[in-house]
Amino acid sequence: KILVTGALGQIGTELVIYLRKLYGETNVLATDIRSAGMNKGTESGPFEILDVTDGEKMFQIAKQNKVDAIIHLAAMLSAIAEQKPLLAWHLNMNGLINALETTKELGIQLFAPSSIAAFGSTTPKEKTPQNTIQRPETMYGINKVAGELLCDYYHAKYGVDTRGVRFPGIISFMTPPGGGTTDYAVEIYYAAIERGRYESVIEKGTYMDMMYMPDALHSIIQLMEANPEKLNHRNAYNITAMSHDPEEIATEIRKHIPTFVLDYKVEPTRQVIADSWPNSIDDSTAREEWGFCAKYNLETMTLDMLNKIGQ
Ligand code: VAH
């Protein structure tokens with residue numbers, strides 16, 4: 001039985017649907033800080049209100065439901081975290097330490113994602129290595145590096161089976177992203193369908209790693225089911241599918257909507273964050289240790305995004 005925190009978020013919404021198809025509806029307990037309401041995907045199957053900063057409640061829910069693994073997605077993303085850094089620290093770090101303590105007490109598995117945000121301006125920007133300098137300049141990035149270190153610490157000191165990936169920007173159509181710096185790459189597709197034009201908050205020539213949601217969902221399961229003996233890195237693996245700037249996404253969209261217009265209205269706070277992240281990361285370690293391999297590229301992702309949003 002799997003407990004998902006942040007189940008109403010961009011990844012959580014689709015992960016719950018995916019997990020319920022794989023493992024059965026009653027084996028996936030969706031939780032979030034607010035009620036599901038008619039949120040897609042969670043209307044059928046177990047749901048509980050959980051504020052991940054309440055460690056006692058998290059432990060009780062996991063224990064009562066005899067959970068075997070926690071997939072911890074509840075967090076505050078990079079752009080909002082820069083507006084509310086203390087709240088970000090409280091949610092991102094206390095939420096994670098509660099998940100670590102619960103999985104330690106119950107002897108169960110933990111998936112806790114990191115991000116390309118865990119790298120900073122002094123990190124090599126091209127083909128960023130698995131092992132390299134990590135001095136992020138954002139509160140979210142600091143949370144992610146601290147999180148990686150905490151997850152490795154709980155594995156080394158208590159034997160907790162902690163695993164994680166450094167997610168790139170994730171593109172999807174079901175639930176809008178919540179305040180990330182890569183959100184522009186989701187918004188551009190909605191804008192292309194709804195208005196035929198988009199004003200990008202991220203500057204031309206700003207490259208960031210991206211991944212289509214189906215590849216992200218598959219990477220979580222693939223890592224959680226991987227042979228632990230092969231995992232030499234655990235927290236957290238570089239994974240990516242593509243690296244593009246706004247112009248390249250627009251060019252691909254124009255193959256389907258020739259009149260699409262891309263303008264720029266750069267938001268300095270988000271641009272500063274995007275500039276501090278890698279241009280492209282090297283995911284050869286994930287490929288070697290647990291067979292990660294993204295299926296979607298810009299062409300196939302764009303085709304699917306436009307079709308699904310169009311519907
Ligand atoms: C964000 N979507 O922008 C998240 C992610 C790599 C980006 O961490 O904060």
Side-chain angles (χ1 to χ4, degrees), residues 6 8-15 71-85 87-89 91-93 95-96 111-121 123 125 128 134 136-148 151 164-190 200-203 206-213 215-217 219-220 235-246 249 266-283 286 294 301 305:
L8 300 181
Q10 182 196 5
I11 301 175
T13 306
E14 299 201 46
L15 180 67
I71 299 184
H72 180 58
L73 301 177
M76 186 187 290
L77 296 184
S78 58
I80 298 200
E82 281 310 289
Q83 294 161 12
K84 305 174 184 170
L87 197 54
W89 178 270
L91 167 56
N92 293 342
M93 301 322 297
L96 178 61
F111 177 90
S114 179
S115 159
I116 58 173
F119 299 117
S121 305
T123 302
K125 286 201 174 299
T128 303
Q134 293 180 257
E137 296 98 342
T138 63
M139 173 54 82
Y140 177 75
I142 292 165
N143 298 160
K144 289 298 163 185
V145 172
E148 291 184 10
C151 291
V165 296
R166 289 171 186 148
F167 275 131
I170 294 177
I171 314 303
S172 66
F173 60 86
M174 197 173 281
T175 301
T181 302
T182 56
D183 294 2
Y184 93 90
V186 177
E187 292 159 4
I188 192 169
Y189 287 103
Y190 282 91
S200 174
V201 294
I202 297 293
E203 186 59 89
T206 310
Y207 283 81
M208 287 186 271
D209 285 278
M210 309 271 176
M211 180 180 287
Y212 199 32
M213 182 63 82
D215 284 328
L217 300 180
S219 74
I220 296 173
N235 302 288
Y237 287 93
N238 285 3
I239 60 168
T240 186
M242 60 188 95
S243 169
H244 296 291
D245 83 319
I249 298 174
V266 175
E267 208 191 290
T269 51
R270 281 191 198 216
Q271 188 61 38
V272 163
I273 298 173
D275 287 341
S276 72
W277 291 354
N279 294 331
S280 67
I281 65 174
D282 170 18
D283 61 3
M301 174 173 77
M305 275 293 279

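Order of listing sets the numbers, starting from 1, for every ligand and every atom in it.
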For ligand 1, which part of [X] has a heavy atom less than 4.0 Å away: the side chain, the backbone, both, or neither?
{"X": "Pro168", "result": "backbone"}
{"X": "Ser78", "result": "both"}
{"X": "Phe167", "result": "backbone"}

Worksheet item: Does the pair Asp282 and Thr240 meet the rule for a side chain to side chain contact (heavy atoms under 4.5 Å, CB included), with working shown?
Response: CA-CA 8 Å; Asp282 170 18; Thr240 186; over 6 Å; no

Discussion item. Evaluate Ser243 against Ser280 for side chain to side chain donor-acceptor pair (under 3.5 Å), listing each step before the verdict.
Written reply: CA-CA 6 Å; Ser243 169; Ser280 67; 5.4 Å; no

Worksheet item: When rounded to the nearest 0.5 angstrom, what distance separates NE2 in His72 from CG in Asn92?
Response: 7.5 Å

Practice prompt. Rounded to the nearest 0.5 Å, what's the gap from CZ on Phe111 to CG on Leu73? Could you check?
Written response: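 CG of Leu73 is found 7.0 Å from CZ of Phe111.
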
Worksheet item: When only distance counts, is Trp277 in polar contact with ligand 1, meaning an N/O pair under 3.5 Å?
Response: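 No - when backbone and side-chain N and O of Trp277 are compared with those of ligand 1, no distance drops under 3.5 Å.
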
Fill in: Tyr140 N/O under 3.5 Å from ligand 1 N/O
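Min N/O separation from ligand 1 is below 3.5 Å for Tyr140.
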
Report, in ascending order of atom number, the atoms of ligand 1 lying under 4.0 Å from any heavy atom of [X].
{"X": "Ile116", "result": "6 (C)"}
{"X": "Thr182", "result": "2 (N), 3 (O), 7 (C)"}
{"X": "Gly169", "result": "6 (C)"}
{"X": "Leu77", "result": "9 (O)"}

Worksheet entry | Modelled atom types, side-chain donor and acceptor of Thr181 and Ser78, under 3.5 Å |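 There is such a pair (donor and acceptor under 3.5 Å, judged by atom type) between the side chains of Thr181 and Ser78.
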
Discussion item. Counting non-hydrogen protein atoms only, what is the nearest one to atom 3 (O) of ligand 1? Give residue, atom name and distance.
Written reply: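 Protein heavy atom with the smallest distance to atom 3 (O) of ligand 1: Thr181 N, 2.7 Å.
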
Worksheet entry | Test log, rule side chain to side chain contact (heavy atoms under 4.5 Å, CB included), inputs His244 and Met301 | CA-CA 12 Å; His244 296 291; Met301 174 173 77; over 6 Å; no

Worksheet item: With side chains defined as the heavy atoms from C-beta onward, is the minimum distance between Asp275 and Thr206 less than 4.5 Å?
Response: yes

